[in-house]
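None of the values given here were measured: they were computed from a predicted structure. All heavy atoms count here, side chains included; hydrogens, waters and symmetry mates do not.
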Amino acid sequence: MATSTMNQALELKQIAKDTFVNVHQPWLPHRARGIYGGVLIAQSLAAASRTVPKPELVQSMHCTFIVGGKPDVPLSYHVSRLQEDRHAHVRQVAAQQNGRVVFLAMVRFRAQTDRAVSGMVRIIKPIPRPEFPVADIMSGGNATPCPFVCTRIKRTSLGEAYKKSTTQWAKTRHALGHDAKPEAHAAALAYMTDNYFLCTVPRVHDLNDGIDPEEELDGPRPDDTRRRVQMMLSLDHSIYFHASPTAYCADDWLLMEMESPWAGDGRALVQQHVYSQSGLLLATCMQEGLIRMEKADIKL
């Protein structure tokens, strides 16, 4: 059974030097071909974090989905130390099932420093307070159990597809604990960034991907004539961490703004900005996905 707490979802057991395995069964979303991508992203980050000296801050990670992971097969994470010096630590993480690599991640860590770049801009954006009806709060992916909760996704702008965006609030279902390390909050944030991320494409490009439990509209539209999506598949996922994990708590509401600036040739690009309640830009995420339309429709 999938886990209901984020601490369980991130838990790894070390079985050899720089090698870890998952402890709890990962979440398989409804209609998905493989386990939730956020599991692989977050656990890879957690594994890499356990091989760097403290205090080190995660700077970025670049991930590639190779094949869908199976929920009932153990995941082993093999960490390679590619760079180790006083400026940065770079790790490659290969997630394997039955000896086959299903996911790759490159993770860069940096040393904490007070020597900021001259004229550096910290983006602070006025955002609404996280006030919404209890009925709008649901389990991630509308799944039970799930280690995080979120609000229904709202469209925030209209017009051309590249101008449209959506927003959603999310946080871990349970508190990570007073003794939770900063890297746990970073991994929890990474876990949540994959939540319906690629589904931004049908929302802003006005496509029909079926009944979406997190859509602002309940159920399908009457006389829906939109082109129907047959399949969506994440190809890669990148996260740029702008703020130290000490600047936020993943067990408190975070705002996620998503958009799709480009789609074509059977692919689509989605972008996400994650903000704290104070409006501090915490992370920027990018993902490219494969989009296939039903045969009766024209390809995206």
Side-chain angles (χ1 to χ4, degrees), residues 1-12 20 22-30 32 35-50 57-58 61 63 71 75 107 127 129-153 167-197 199 213-214 237 239 241-258 272-285:
M1 178 178 293
T3 59
S4 60
T5 73
M6 187 61 73
N7 285 330
Q8 291 177 328
L10 299 176
E11 188 176 359
L12 299 173
F20 308 85
N22 63 313
V23 176
H24 302 279
Q25 182 173 326
W27 168 33
L28 178 67
H30 176 60
I35 61 174
Y36 173 60
V39 171
L40 295 161
I41 296 167
Q43 290 187 349
S44 291
L45 176 55
S49 297
R50 290 175 62 170
L57 301 176
V58 60
M61 64 183 305
C63 313
L75 281 160
V107 189
I127 60 174
R129 292 178 58 83
E131 298 175 347
F132 26 76
V134 174
D136 280 356
I137 302 175
M138 59 199 311
S139 183
N142 204 31
T144 302
C146 180
F148 67 94
V149 294
C150 55
T151 60
R152 290 185 180 275
I153 294 175
T167 61
Q168 181 181 49
W169 291 90
K171 68 173 183 175
T172 63
R173 180 180 294 275
H174 303 94
L176 295 180
H178 296 295
D179 58 345
K181 297 178 180 179
E183 53 263 33
H185 287 274
L189 184 154
Y191 190 103
M192 296 185 289
T193 59
D194 195 42
N195 184 45
Y196 279 92
F197 191 13
C199 288
E214 292 188 19
H237 188 104
I239 307 177
F241 296 88
H242 307 306
S244 164
T246 59
Y248 63 90
C249 295
D251 49 12
D252 201 0
W253 290 111
L254 302 177
L255 179 65
M256 299 175 174
E257 289 188 346
M258 295 169 282
Q272 176 178 181
H273 297 299
V274 183
Y275 294 93
S276 67
Q277 293 182 35
S278 65
L280 178 65
L281 179 62
L282 305 178
T284 297
C285 310

Test item: Val149 and Met138 side chains (from C-beta on) under 4.5 Å apart, heavy atoms = no
Is there side-chain contact between His242 and Val274, with heavy atoms separated by less than 4.5 Å?
-> no
So do the side chains of Thr167 and Thr151 get within less than 4.5 Å of each other, counting heavy atoms only?
-> no
Cut-off 3.5 Å, side chains only: do His185 and Thr172 have a donor facing an acceptor?
-> no
Going by heavy atoms in the side chains, are Asp252 and Gln277 under 4.5 Å from each other?
-> yes
So, does Ser44 use its side chain to make a donor-acceptor pair with the main chain of Ile41 at under 3.5 Å?
-> no
Compare every heavy atom of Phe241 with every heavy atom of Val58, then report the nearest pair and how far apart it is.
-> O-CB, 3.6 Å
What pair of heavy atoms forms the shortest contact from Thr246 to Pro182, and how long is it?
-> CG2-CG, 3.9 Å
Judged by atom type as modelled, is there a donor-acceptor pair below 3.5 Å linking the side chain of Tyr36 to the main-chain atoms of Tyr191?
-> yes
Would you check if the distance from the ring center of Trp253 to the ring center of Phe132 is below 6.0 Å?
-> yes
CD on Gln8 to CZ on Arg173, rounded to 0.5 Å | 11.5 Å
Side chains of Trp169 and Cys150: does their closest heavy-atom pair fall under 4.5 Å?
-> no
Below 4.5 Å, heavy atoms only, C-beta onward: do Gln43 and Pro26 meet side chain to side chain?
-> no
Any side-chain heavy-atom pair of Leu254 and Leu189 under 4.5 Å = yes
Can you find a heavy atom in the side chain of Tyr196 that is under 4.5 Å from one in the side chain of Ile153?
-> yes
Please name the pair of heavy atoms, one in Ala46 and one in Leu10, separated by the smallest distance, quoted to 0.1 Å.
-> CB-O, 4.3 Å
Thr284 and His273 side chains, donor-acceptor separation under 3.5 Å = yes
